[in-house]
Amino acid sequence: MITLRMEFQKIRRKKIALTMCALLCVQFAWLLWSGSHPDENERLNGWISMLYSLPLVSVIMMPVIMSVLASRFADVEHKGNTYKLLNTLRRPGTLYHAKVICGLFFIFAISVAQFIFVIALGYARGYAGHPEWKYYAAAFVLNLSCCLSLYLLQLLLSMLFFNQMIPLVAGLGGSMLGLILMYVKMYSFLPWGGFLSAAQVSMDWNPETKVVHFFYREYSPVELCAVAMIFVWIVVFYAAGRILFGRKEV
(Lines give C-alpha, C1' and ligand atoms only; values in the text may rest on other atoms or scores of the structure.)
Protein backbone atom coordinates (compact mmCIF):
# COMPACT_ATOMS: atom_id res chain seq x y z
CA MET A 1 0.00 0.00 0.00
CA ILE A 2 2.87 2.38 0.77
CA THR A 3 4.47 1.67 -2.62
CA LEU A 4 1.16 2.25 -4.38
CA ARG A 5 0.67 5.57 -2.59
CA MET A 6 4.21 6.59 -3.53
CA GLU A 7 3.50 5.71 -7.15
CA PHE A 8 0.58 8.13 -7.24
CA GLN A 9 2.74 10.78 -5.58
CA LYS A 10 5.50 10.35 -8.19
CA ILE A 11 3.10 11.01 -11.07
CA ARG A 12 1.37 13.89 -9.31
CA ARG A 13 3.00 16.56 -11.49
CA LYS A 14 3.11 14.57 -14.72
CA LYS A 15 -0.45 15.57 -15.70
CA ILE A 16 -1.35 12.02 -16.73
CA ALA A 17 -5.06 12.58 -16.09
CA LEU A 18 -5.00 15.71 -18.28
CA THR A 19 -3.20 13.82 -21.05
CA MET A 20 -5.72 10.97 -20.90
CA CYS A 21 -8.61 13.45 -21.01
CA ALA A 22 -7.14 15.14 -24.09
CA LEU A 23 -6.80 11.82 -25.92
CA LEU A 24 -10.31 10.76 -24.86
CA CYS A 25 -11.68 14.04 -26.19
CA VAL A 26 -10.32 13.11 -29.62
CA GLN A 27 -12.16 9.80 -29.37
CA PHE A 28 -15.35 11.52 -28.21
CA ALA A 29 -15.12 14.03 -31.06
CA TRP A 30 -14.89 11.12 -33.50
CA LEU A 31 -18.02 9.51 -32.03
CA LEU A 32 -19.84 12.86 -32.09
CA TRP A 33 -18.96 13.40 -35.73
CA SER A 34 -20.07 9.93 -36.87
CA GLY A 35 -23.83 9.75 -37.05
CA SER A 36 -24.28 13.33 -35.88
CA HIS A 37 -27.57 13.63 -37.85
CA PRO A 38 -29.30 10.25 -37.47
CA ASP A 39 -32.38 9.45 -39.56
CA GLU A 40 -35.30 7.36 -38.35
CA ASN A 41 -33.64 4.04 -39.22
CA GLU A 42 -30.44 5.05 -37.44
CA ARG A 43 -32.41 5.99 -34.33
CA LEU A 44 -34.09 2.59 -34.32
CA ASN A 45 -30.73 0.80 -34.54
CA GLY A 46 -28.72 3.37 -32.60
CA TRP A 47 -27.85 1.32 -29.52
CA ILE A 48 -26.61 -1.70 -31.45
CA SER A 49 -24.72 0.51 -33.93
CA MET A 50 -22.90 2.13 -30.98
CA LEU A 51 -21.65 -1.30 -29.93
CA TYR A 52 -20.36 -1.74 -33.48
CA SER A 53 -18.63 1.64 -33.64
CA LEU A 54 -16.97 1.59 -30.23
CA PRO A 55 -14.51 -1.30 -30.88
CA LEU A 56 -13.56 0.24 -34.23
CA VAL A 57 -12.70 3.53 -32.57
CA SER A 58 -10.87 1.74 -29.73
CA VAL A 59 -8.74 -0.40 -32.02
CA ILE A 60 -7.34 2.77 -33.58
CA MET A 61 -7.08 5.03 -30.51
CA MET A 62 -6.40 2.76 -27.53
CA PRO A 63 -2.92 1.47 -28.52
CA VAL A 64 -1.70 5.08 -28.59
CA ILE A 65 -3.46 5.98 -25.33
CA MET A 66 -2.04 2.91 -23.55
CA SER A 67 1.48 3.60 -24.87
CA VAL A 68 1.35 7.16 -23.54
CA LEU A 69 0.03 5.96 -20.17
CA ALA A 70 2.70 3.26 -19.76
CA SER A 71 5.46 5.60 -20.87
CA ARG A 72 4.51 8.20 -18.26
CA PHE A 73 4.71 5.57 -15.53
CA ALA A 74 8.02 4.05 -16.63
CA ASP A 75 10.12 7.12 -17.41
CA VAL A 76 10.26 8.17 -13.73
CA GLU A 77 12.64 5.32 -12.88
CA HIS A 78 14.53 5.66 -16.16
CA LYS A 79 15.33 9.33 -15.57
CA GLY A 80 16.39 8.75 -11.98
CA ASN A 81 18.04 5.35 -12.64
CA THR A 82 16.43 4.13 -9.43
CA TYR A 83 15.65 0.48 -10.19
CA LYS A 84 18.45 -0.97 -8.04
CA LEU A 85 18.16 1.78 -5.45
CA LEU A 86 14.50 0.94 -4.83
CA ASN A 87 15.43 -2.65 -4.06
CA THR A 88 16.97 -1.50 -0.79
CA LEU A 89 13.53 -0.32 0.36
CA ARG A 90 11.08 -2.83 -1.15
CA ARG A 91 11.07 -6.45 -2.32
CA PRO A 92 11.73 -6.95 -6.07
CA GLY A 93 8.48 -6.83 -8.01
CA THR A 94 6.62 -4.61 -5.54
CA LEU A 95 7.17 -1.55 -7.69
CA TYR A 96 5.96 -3.41 -10.77
CA HIS A 97 2.74 -4.43 -9.02
CA ALA A 98 2.20 -0.81 -7.97
CA LYS A 99 2.60 0.39 -11.57
CA VAL A 100 0.17 -2.26 -12.81
CA ILE A 101 -2.47 -1.35 -10.19
CA CYS A 102 -1.94 2.35 -10.77
CA GLY A 103 -2.32 1.87 -14.52
CA LEU A 104 -5.42 -0.29 -13.99
CA PHE A 105 -6.96 2.57 -12.02
CA PHE A 106 -6.55 4.91 -15.01
CA ILE A 107 -7.75 2.24 -17.46
CA PHE A 108 -10.89 1.66 -15.40
CA ALA A 109 -11.55 5.42 -15.26
CA ILE A 110 -11.03 5.72 -19.03
CA SER A 111 -13.39 2.81 -19.75
CA VAL A 112 -16.08 4.17 -17.43
CA ALA A 113 -15.84 7.63 -19.01
CA GLN A 114 -16.00 6.06 -22.47
CA PHE A 115 -19.18 4.10 -21.78
CA ILE A 116 -20.89 6.93 -19.89
CA PHE A 117 -20.26 9.18 -22.88
CA VAL A 118 -21.58 6.58 -25.35
CA ILE A 119 -24.77 5.98 -23.35
CA ALA A 120 -25.35 9.71 -22.79
CA LEU A 121 -24.78 10.35 -26.49
CA GLY A 122 -27.33 7.69 -27.41
CA TYR A 123 -30.00 9.24 -25.22
CA ALA A 124 -29.13 12.74 -26.47
CA ARG A 125 -29.63 11.59 -30.08
CA GLY A 126 -32.98 10.04 -29.22
CA TYR A 127 -32.17 6.40 -29.92
CA ALA A 128 -35.21 4.16 -29.61
CA GLY A 129 -35.60 2.17 -26.41
CA HIS A 130 -32.75 1.54 -24.02
CA PRO A 131 -29.32 -0.13 -24.27
CA GLU A 132 -29.28 -3.91 -23.92
CA TRP A 133 -27.37 -3.82 -20.67
CA LYS A 134 -26.02 -7.38 -20.79
CA TYR A 135 -24.27 -6.64 -24.09
CA TYR A 136 -23.01 -3.28 -22.88
CA ALA A 137 -21.73 -4.85 -19.65
CA ALA A 138 -19.92 -7.56 -21.61
CA ALA A 139 -18.50 -4.91 -23.95
CA PHE A 140 -17.23 -2.93 -20.95
CA VAL A 141 -15.42 -5.97 -19.47
CA LEU A 142 -13.89 -6.96 -22.81
CA ASN A 143 -12.85 -3.38 -23.59
CA LEU A 144 -11.21 -3.11 -20.16
CA SER A 145 -9.38 -6.42 -20.71
CA CYS A 146 -8.10 -5.36 -24.14
CA CYS A 147 -6.82 -2.06 -22.71
CA LEU A 148 -5.11 -3.89 -19.84
CA SER A 149 -3.32 -6.30 -22.20
CA LEU A 150 -2.03 -3.37 -24.28
CA TYR A 151 -0.99 -1.44 -21.18
CA LEU A 152 1.01 -4.41 -19.87
CA LEU A 153 2.68 -4.79 -23.27
CA GLN A 154 3.56 -1.10 -23.44
CA LEU A 155 4.78 -1.08 -19.84
CA LEU A 156 7.09 -3.97 -20.72
CA LEU A 157 8.47 -2.03 -23.71
CA SER A 158 8.77 1.18 -21.68
CA MET A 159 10.87 -0.65 -19.09
CA LEU A 160 13.11 -2.20 -21.74
CA PHE A 161 13.99 1.05 -23.52
CA PHE A 162 15.33 4.22 -21.94
CA ASN A 163 14.22 6.22 -24.99
CA GLN A 164 10.44 6.35 -24.60
CA MET A 165 9.95 7.23 -28.26
CA ILE A 166 10.48 3.54 -29.11
CA PRO A 167 7.43 2.22 -27.17
CA LEU A 168 5.40 5.23 -28.32
CA VAL A 169 6.19 4.38 -31.94
CA ALA A 170 5.24 0.77 -31.18
CA GLY A 171 1.87 1.99 -29.90
CA LEU A 172 1.37 4.09 -33.02
CA GLY A 173 2.32 1.09 -35.15
CA GLY A 174 -0.23 -1.00 -33.24
CA SER A 175 -2.91 1.55 -34.11
CA MET A 176 -1.98 1.38 -37.79
CA LEU A 177 -1.99 -2.41 -37.66
CA GLY A 178 -5.41 -2.39 -36.01
CA LEU A 179 -6.68 -0.10 -38.79
CA ILE A 180 -5.42 -2.56 -41.40
CA LEU A 181 -6.93 -5.54 -39.56
CA MET A 182 -10.36 -3.84 -39.65
CA TYR A 183 -10.42 -4.31 -43.41
CA VAL A 184 -9.24 -7.92 -43.27
CA LYS A 185 -11.45 -9.69 -40.71
CA MET A 186 -13.26 -8.99 -37.45
CA TYR A 187 -10.97 -11.01 -35.24
CA SER A 188 -7.27 -11.29 -34.58
CA PHE A 189 -4.94 -13.22 -32.31
CA LEU A 190 -2.61 -10.21 -32.07
CA PRO A 191 -2.91 -8.02 -28.95
CA TRP A 192 -3.71 -4.92 -31.05
CA GLY A 193 -6.65 -6.70 -32.68
CA GLY A 194 -8.31 -7.76 -29.44
CA PHE A 195 -10.96 -5.04 -29.76
CA LEU A 196 -12.05 -6.53 -33.08
CA SER A 197 -12.25 -10.02 -31.59
CA ALA A 198 -14.27 -8.67 -28.65
CA ALA A 199 -16.77 -6.82 -30.87
CA GLN A 200 -20.23 -8.27 -30.26
CA VAL A 201 -21.91 -6.70 -33.28
CA SER A 202 -21.44 -7.25 -37.00
CA MET A 203 -23.07 -5.46 -39.89
CA ASP A 204 -24.32 -6.27 -43.34
CA TRP A 205 -24.57 -3.59 -46.02
CA ASN A 206 -26.92 -4.02 -48.95
CA PRO A 207 -25.39 -2.22 -51.97
CA GLU A 208 -28.75 -2.07 -53.76
CA THR A 209 -30.86 -0.55 -50.99
CA LYS A 210 -27.85 1.08 -49.26
CA VAL A 211 -29.29 -0.02 -45.93
CA VAL A 212 -27.00 -1.17 -43.11
CA HIS A 213 -28.22 -4.07 -40.99
CA PHE A 214 -26.60 -4.60 -37.58
CA PHE A 215 -26.83 -7.92 -35.76
CA TYR A 216 -25.24 -9.60 -32.76
CA ARG A 217 -22.40 -11.94 -33.64
CA GLU A 218 -22.55 -15.69 -33.28
CA TYR A 219 -18.94 -16.53 -32.48
CA SER A 220 -17.31 -19.39 -34.33
CA PRO A 221 -14.83 -21.62 -32.42
CA VAL A 222 -11.93 -19.70 -33.98
CA GLU A 223 -13.41 -16.37 -32.94
CA LEU A 224 -13.96 -17.63 -29.39
CA CYS A 225 -10.28 -18.62 -29.29
CA ALA A 226 -9.39 -15.10 -30.44
CA VAL A 227 -11.45 -13.66 -27.56
CA ALA A 228 -9.76 -16.02 -25.10
CA MET A 229 -6.40 -14.87 -26.46
CA ILE A 230 -7.04 -11.43 -24.93
CA PHE A 231 -6.79 -12.96 -21.46
CA VAL A 232 -3.82 -15.11 -22.47
CA TRP A 233 -1.95 -11.95 -23.50
CA ILE A 234 -2.72 -10.39 -20.11
CA VAL A 235 -1.10 -13.35 -18.33
CA VAL A 236 1.88 -13.47 -20.73
CA PHE A 237 2.65 -9.74 -20.58
CA TYR A 238 2.14 -9.59 -16.82
CA ALA A 239 4.51 -12.52 -16.23
CA ALA A 240 7.12 -11.12 -18.62
CA GLY A 241 6.96 -7.69 -17.01
CA ARG A 242 7.18 -9.16 -13.52
CA ILE A 243 10.33 -11.12 -14.45
CA LEU A 244 11.94 -8.17 -16.22
CA PHE A 245 11.21 -5.73 -13.42
CA GLY A 246 12.55 -8.18 -10.85
CA ARG A 247 15.82 -8.46 -12.77
CA LYS A 248 16.16 -4.70 -13.07
CA GLU A 249 15.81 -4.31 -9.31
CA VAL A 250 18.49 -6.83 -8.33
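Atom CD1 of I116 is separated from atom CG of L121 by 13.5 Å, given to the nearest 0.5 angstrom. One distance of note links CG of L157 with CG of L152; it measures 11.0 Å at 0.5 Å rounding. The CG atom of L144 sits 11.0 Å away from atom CD1 of I230, with the distance rounded to the nearest 0.5 Å. Here CE of M61 is found 12.5 Å from CG of L179. Values are rounded to the nearest 0.5 Å.
The side-chain heavy atoms of P63 and S175, taken from C-beta on, include a pair separated by under 4.5 Å. Contact check for N143 versus F115: side-chain heavy atoms found under the 4.5 Å cut-off. You'll find the side chain of F189 reaches within 4.5 Å of the side chain of C225, heavy atoms only. Contact annotation: the side chain of Y96 approaches that of L155 to within less than 4.5 Å [non-hydrogen atoms, C-beta and beyond]. Inter-residue side-chain proximity for V68 and Q154 is flagged as unmet; no heavy-atom pair is nearer than 4.5 Å.
Between F140 and F108, the two ring planes are perpendicular [angle over 60°; tilted spans 30° to 60°]. Between F106 and F73, the angle of the ring planes goes over 60°, which puts this pair in the perpendicular group of the 30/60° scheme.
Side-chain atoms of Y127 and R125 form a donor-acceptor pair, as typed in the model, at a separation below 3.5 Å.
Aromatic ring centroids of Y123 and W47 lie under 6.0 Å apart.
Remark: Q27 engages Q114 in a side chain to side chain donor-acceptor pair (under 3.5 Å) (not counting sequence neighbours). Considering only residues two or more places apart in sequence or on other chains, Y216 meets the side chain to side chain donor-acceptor pair (under 3.5 Å) condition with E132. Y52 meets the side chain to side chain donor-acceptor pair (under 3.5 Å) test with no other residue; sequence neighbours excluded.
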